[in-house]
Amino acid sequence: MPNKISELKNNVDQEVTLAGWLYKGRSSGKVQFLIVRDGTGLCQCIVEKGKVSDELFEQLKHLGQESSLTVTGVVRTEERSVGGHELAVTAAEIISPATDYPITPKSHGTDFLLKNRHLHLRSQGQWCIGKIRHTVIDAIRRFFNDNGFTLIDTPIFTAMVGEDKQSLFEVDYFGEPLHLTQTGQLHLESAAMSFGKVYCFGPTFRAEKSKTRRHLTEFWMVEPEVAFTDLDELLELAENFVSFIVARVLGDNKSQLETLGADIAALEKIKPPFYRLTYTEAVDILTGEKTKQFMASQLEQLQNTKQQAESKITELEQQQKGQIKQWQKDKIAAELIELRGVLAETDTKIENNPKHAKLAAEFRWGKDLGGSDETIISQMHDKPIFVTHYPKDAKAFYMKTDRDDEKVVLNFDLLAPAGFGEIIGGSVREDDYEKLTAKIEKQGLEIKNYEWYLDLRKYGSVPHGGFGLGVERTVAWLTGEKHIRQCIAFPRMMDKVYI
RNA sequence: UCCCCGAUAGCUCAAUUGGUAGAGCGAGCGGCUGUUAACCGCUAGGUCGUAGGUUCGAGUCCUACUCGGGGAGCCA
């Protein structure tokens, strides 16, 4: 068995053999620097002329990116190397040489990378995200397993409509129409009446025609459901749960977070209690002076950024025309490309700012909060925010109305801070047989499809509730990724599946 | 479904506003004993997304379409 790069700290001054792929190589005359990856990390391997045969030296010099190979050598500590160790190569064997690997160490567009997803998964950024996702999922299972929850696997083929019929994928099930699950919640409620505390964890499918940075048609969601609980207890469960995930990622994946440029200091603040707002308070904030000023100052900042980028571009363009060395020109050209990218992004934000400000200012009590509204509230806070007590008519039929104010339901969304937006949606479930029957009818759903669901209210109904957490959204928030499509190995997007 | 933006070399992007298409990276060859997206020299690489139109002349202007990006609605 070859040694693992992640364990090299235990092999200093020993000879080891690594098996992996050439991540990238540089040569400097009589010495070569080969960065090898093996799935556990990266290691710089030093090949010096004279220490290996001339034939091997030449072979390695012309070895293409992502060729597979084994390298043997002595491990030494070296601060300048990635990972803090490097290998003084004494032998190497090329397993399979690769040429013209499409993904170079330079920048690429998203479309190109998604078309090459099968290869892009090998790159450092995707590897870090994959490792963090793994920790998030492990933490999710750990948290529930250690807190008295029982795992219940809910069906993927289902006749139940949880949220909205239009957002379901229909499948032909031996001639009968069924759809792919959009939530395990309804089934989970029946299990909660057996086990008390349960959770399900699996893929979820939504046919929403949403082309935004926070939507996928197939995503992973974990849903806990608890019998004998209330809204306050659910909020506590959610904040402890999210804090636990964050702590685990900080503990297990700090180097990956650093590589990705995540805001570690901000994550270290994620501890209970989170902020709590009612929907009505959120609406007051959105339509109030505070948001107006917030949006105005954000616009001002954006315009500043724009101006700075523009003047820097002008300056660089002037320099480019002057009498300077070729390499300086090249460097300027690269800087210009980056600045123009920043400028384009800023322009979009400047364009969207007044639209979003208008949407917020004109928000009227009764509507569901929009994506941009959630973003604004999220940007105003440095810790996750619970928004509770939404208008009954904007929400799903199964949510329990607040007995003290029948216009609202006992539900909550959890918004991740710093502009990321919603990662959890949950509620206390309607447990009154008559009220639930009335709501099902009002939504135009067929009672006969919900008979078993209503039975749960007929035989020993208890106050209960739960929530769903989106895995990809959580990973995107933690890693600082803008788009959740980077947070699942093979993303499925509206009208588009690459591989 | 609607709104905005884009499509030029394998990749990322330029082209002085209508006058014969350019850089970097990547690839190939050569040089360099400590590189970190290394550096230096040389070489190859393009029916400018598709189809029409305006013009003496279109990468640049107009129309339609295709594909991609961002956003709204909806949501985890």
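Letters go in sequence order (proteins before strands), and every chain restarts at 1.
The distance from the CE atom of A:M493 to the OG1 atom of A:T217 is 8.0 Å, given to the nearest 0.5 Å. The line from CG of A:L60 to OG of A:S27 is 11.0 Å long, rounded to the nearest 0.5 Å. Note: A:R37 CZ to A:I35 CD1 = 12.5 Å, rounded to the nearest 0.5 Å.
In this structure, of B:C75, B:G34, B:C4, it is B:C75 that holds the atom nearest to the side chain of A:R214. Distances were taken from every side-chain heavy atom of A:I46 (C-beta onward) to each of B:C75, B:G34, B:G71; the shortest belongs to B:G34. Residue A:E78 has its side chain nearest to B:G34 when only B:A72, B:G34, B:A38 are considered.
Taking the P atoms as reference points, B:G45 lies 35 Å from B:G34, given to the whole Å. To the nearest whole angstrom, the two C1' atoms, one in B:C13 and one in B:G6, are 13 Å apart. Atom name P, nucleotides B:A64 and B:C3: the rounded distance is 12 Å, in whole Å. When the C1' atom is compared between B:A37 and B:U12, the two are found 13 Å apart, to the nearest whole Å. The separation of B:C62 from B:C25, taken at their P atoms, amounts to 35 Å, rounded to a whole angstrom. Going from the C1' atom of B:G49 to that of B:U43 covers 29 Å, rounded to whole Å. B:A7 and B:C65 have their C1' atoms separated by 14 Å, given to the nearest Å. One P atom belongs to B:G26, the other to B:C67, and the distance between them is 34 Å to the nearest Å.
Scored by the side chain to side chain contact (heavy atoms under 4.5 Å, CB included) test, A:K349 finds A:L302, A:E345 as partners (sequence neighbours excluded).
In this structure, A:R485 and A:T110 have side chains that are in contact, with non-hydrogen atoms separated by less than 4.5 Å. Side-chain contact between A:I140 and A:F241: present, with at least one pair of heavy atoms (C-beta onward) separated by less than 4.5 Å. A:I285 has its side chain within reach of A:M380: a pair of non-hydrogen atoms, C-beta onward, lies under 4.5 Å apart. Inter-residue side-chain proximity for A:L8 and A:L18 is flagged as met; some heavy-atom pair is nearer than 4.5 Å.
Checked by atom type, the side-chain pair A:Y398/A:E189 shows no donor-acceptor distance below 3.5 Å. Side-chain contact of A:R80 with A:Q44: a donor-acceptor pair under 3.5 Å is absent, judged by distance alone. There is no side-chain donor-acceptor pair under 3.5 Å between A:Q307 and A:Q303.
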Would you tabulate the side-chain donor-acceptor contacts of residues 383-392 of chain A under 3.5 Å, counting partners in other chains and residues two or more places apart, or write 'none'?
unit_1 : atom_1 : unit_2 : atom_2 : d
A:K383 : NZ     : A:K271 : O      : 3.0
A:K383 : NZ     : A:P273 : O      : 2.8
A:T388 : OG1    : A:L277 : O      : 3.4
A:Y390 : OH     : A:D413 : OD2    : 3.2

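Between A:K30 atom NZ and B:G34 atom C1' the separation is 14 Å, expressed in whole Å. If you measure from atom CG of A:N411 to atom P of B:A76, you get 10 Å, rounded to the nearest angstrom. To the nearest angstrom, C1' of B:A76 lies 13 Å from CZ of A:R213. To the nearest angstrom, C1' of B:G10 lies 12 Å from CD1 of A:I103.
Across residues 216-226 of chain A, A:L216, A:F219, A:M221 each have a non-hydrogen atom less than 4.0 Å from an atom of RNA chain B (numbered order). Residues from residues 471-483 of chain A placing a heavy atom under 4.0 Å of any atom in RNA chain B, listed by number, are A:R473, A:H483.
With respect to A:E472 and A:R133, a salt bridge is recorded, a charged nitrogen being found less than 4.0 Å from a carboxylate O.
Across all strands, A:S372 comes closer than 4.0 Å only to sugar-phosphate atoms, never to a base (heavy-atom distances).
Using bins of under 30°, 30° to 60° and over 60° for the plane-to-plane angle, the ring pair A:F201/A:W220 lands in the perpendicular bin.
Paired regions of RNA chain B, where each region holds three or more successive Watson-Crick or G-U pairs whose two hydrogen-bonding distances fall under 3.5 Å, are B:1-7 with B:66-72, B:10-13 with B:22-25, B:27-31 with B:39-43, B:49-53 with B:61-65.
Map A:H62 and A:I35 each onto its nearest nucleotide of RNA chain B; the residue landing nearer the 5' end is A:H62.
Taking 3.5 Å as the limit, the base of B:G70 and the side chain of A:R485 contain no donor-acceptor pair of atoms between them. In the interface, the side chain of A:E48 is not paired with the base of B:G34 through any donor and acceptor atom under 3.5 Å apart. In the interface, the side chain of A:T212 is not paired with the base of B:C75 through any donor and acceptor atom under 3.5 Å apart. The base of B:U35 sits within donor-acceptor range of the side chain of A:Q44, with an N or O pair under 3.5 Å.
Two rings, from A:Y199 and A:F144, have their centers less than 6.0 Å apart.
More than 90° away from 0 lies the glycosidic angle of B:U50, which makes this nucleotide anti.
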Taking only nitrogen or oxygen atoms into account, show me every contact under 3.5 Å that the protein makes with nucleotides 11-15 of chain B, one pair per line with its distance.
unit_1 : atom_1 : unit_2 : atom_2 : d
B:C11  : O2'    : A:S107 : O      : 3.1
B:C11  : O2'    : A:H108 : ND1    : 2.6
B:U12  : OP1    : A:G109 : N      : 2.8
B:U12  : O4'    : A:S107 : O      : 3.4

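For the pair A:R26 and B:A38, the criterion of a side-chain N or O lying under 4.0 Å from OP1 or OP2 is met.
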